[in-house]
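Below is one structure; the comments refer to it alone.
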Amino acid sequence: MAKDFPTRAENYAQWYNDLVIKADLADNSAVRGCMVIKPYGYAIWEKIQATLDKMFKDTGHSNAYFPLFIPKSFFSKEANHVEGFAKECAVVTHYRLKKSDDGKSIVVDEDAKLEEELIVRPTSETIIWDTYRTWIQSYRDLPLLINQWANVVRWEMRTRLFLRTAEFLWQEGHTAHATKDEAIEETGKILNIYANFAENWMAVPVIKGVKSPNERFAGAVETYCIEALMQDGKALQAGTSHFLGQNFAKAFDVKFLSKENKLDYVWATSWGVSTRLMGALIMAHSDDNGLVLPPKLAPIQVVIVPIYKKAEQLAEISEKAEIIKKALVAKGISVKYDDRDTQKPGWKFAEYEFKGVPVRIAIGPRDIENGTVEVARRDTLEKETYQMTDIDIKIENLLVQIQDNIYKKAFSFRAENTFHVDTWDEFKDQIEKGGFVFAHWDGTSETEQAIKEETKATIRAIPLNNPQEEGKCVYSGKPSKEKVIFAKSY
RNA sequence: CGGGAUGUAGCGCAGCCCGGUAGCGCGCUUCGUUCGGGACGAAGAGGCCGCGAGUUCGAAUCUCGCCAUCCCGACCA
């Protein structure tokens, strides 16, 4: 057990907060609600970025960059969109500071008021669609497949590192298509990329689904999502892909001439994942000993710790460590050989364990004598002595096993915490206990709202390819054709 | 924006009732012994006690005001 660190059972929220800070992932900043992402945390984000970026490019998307500031007037063009974001926008009103009259401080220069206020982007649909109008004239300009990596600001009341911060990093894809079908296909393609990334890189099993009208993105016709289940039984939306119909094209007058020489509005999608994925990654796998990272996203996959008394021993151990490191690096594995003399081996063990490094190799005098190394895996905390022969292949295989094991563990957890209920009493009871709760729903917004008010649970998703079955709404008793997933969520 | 709590060394806290030289643990620095799961000893460094007024011979401590942060709610990726 790590020092001064609560267990999940004692206090899950505290466990998460402490973990993020003590594992050196991020910190609160001088700015309320905004975080500092520290090098170790940012290294994970960079791996997430690199992987997704390649996936986007492999499917024909290009990166671009649009302004941080959006003229206020743009927001009023799409009515639903305004309503969705108005309450959490940061607004720039002035462009100059000056010395105060007493010369002691800096104040806003009231003479430097902006003609039109600028909104710090909470998302970029408006500025992007205003730009797309000038880019798109013909069906030959389509599809337009753009992604941007950016920061956005949503002025949240209550914030939590990675899960909800006032400023966060994300990618937002914005595409334009000639046909409705093509746009819908795009949202599905992206949803599959997200699900593939979540499951095969983050080792987090997700459910692909569609959002209920209440949970839909402001301005979208349909919102698709991937939902993950955290260890405390709460759901976390890990990514969204929106079919925007012609809403933004109409609002920003983006038309194109088709092959048949007919003028029509283009069809749109937008989709994104954010630094919130870091929260999902942390909460999905970590334990009471600290962070557990899937090998594919761990900044350090293997750490080598020497155990020695005298300088001559260290020299011998270092020689062996460097051989191992070289062999592993040749296989594309990221290795850190920590030969710092300033910390003790035990201290290092605890440190790397807490930071979730998947594999630790310890080499001591005994190993030099026997031609072995001690290998410890973070996910199971098991230690084993390996012969040096084919050490690179053994470690490579071990990393694959760990990735696999972490996913399976998360998958069984979800399976054990997924429930089907038919009565309102069962429903309330199970929601209180946590997990994904499948229940019949009459399809109305009013029922969803009422359930939310009474239990704090929302519809997380209506799964894609959901089995159709006749039933009665768990709340209203009205007829229903399928069960949907309810849960409390982040 | 409502309800609750807290601001004292880098971090975590005690001291405050009952005013009188600002303390403990961790961390940090130096030296020595240690080194296969967070070592031990010795010697050090480090404070506008959140900010501003007031009461008092004297305020971390009492009074008033302000500010900030955290937790719990309403809002949300």
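Chain identifiers are assigned alphabetically (A, B, ...) following the order of the sequence lines, protein sequences preceding nucleic acid strands; residue numbering begins at 1 within each chain. Note that this is a predicted model, so its numbers are computed, not measured.
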5'-most contact on RNA chain B (nearest-nucleotide basis), E88(A) vs A13(A), goes to A13(A)

Sub-6.0 Å ring centroid separation between F85(A) and F75(A)
no

Notebook entry, point to check: Would you say the ring centroid of F56(A) lies under 6.0 angstrom from that of W271(A)?
Noted result: yes

Examine the side chains of [X] and [Y] and answer whether a donor and an acceptor come within less than 3.5 Å of each other.
| X | Y | value |
| --- | --- | --- |
| D18(A) | Q14(A) | yes |
| N192(A) | Y224(A) | no |
| H174(A) | S270(A) | no |
| Q387(A) | T389(A) | no |
| E172(A) | S124(A) | yes |
| Y337(A) | S318(A) | yes |

Between [N] and [M], how many Å separate the two [atom1] atoms, rounded to a whole number?
| N | M | atom1 | answer |
| --- | --- | --- | --- |
| rU61(B) | rU55(B) | C1' | 13 Å |
| rC66(B) | rG20(B) | P | 28 Å |
| rG38(B) | rA74(B) | C1' | 43 Å |
| rC13(B) | rG19(B) | C1' | 22 Å |
| rG7(B) | rA14(B) | P | 7 Å |

note: I459(A), atom CD1; rC76(B), atom P; distance rounded to Å ~ 15 Å

Exercise. Distance check: side-chain N/O of R32(A) vs OP1/OP2 of rA68(B), anything under 4.0 Å?
Worked result: no

M157(A) has its side chain closest, among rC1(B), rC70(B), rG37(B), to rC1(B)

Per atom distances to the E351(A) side chain, the nearest of rC76(B), rG38(B), rA74(B) is rG38(B)

Restricting both atoms to N or O, compile the protein contacts to nucleotides 30-36 of chain B shorter than 3.5 Å, with distance only.
from	atom 1	to	atom 2	distance (Å)
rU34(B)	O2	K344(A)	NZ	2.5
rC35(B)	O2'	Y308(A)	O	3.2
rC35(B)	N4	K309(A)	O	3.2
rG36(B)	O6	G364(A)	O	3.2
rG36(B)	O6	P365(A)	N	3.2
rG36(B)	O6	R366(A)	N	2.5
rG36(B)	O6	D367(A)	N	3.1
rG36(B)	N1	G364(A)	N	3.4
rG36(B)	N1	D367(A)	OD2	2.5
rG36(B)	N2	D367(A)	OD2	3.1

Is the side chain of N417(A) donor-acceptor paired with the backbone N or O of F436(A) at a distance under 3.5 Å, no angle test? no

Considering only nitrogen or oxygen atoms on both sides, find all protein atoms under 3.5 Å from nucleotides 7-12 of chain B and state each distance.
none

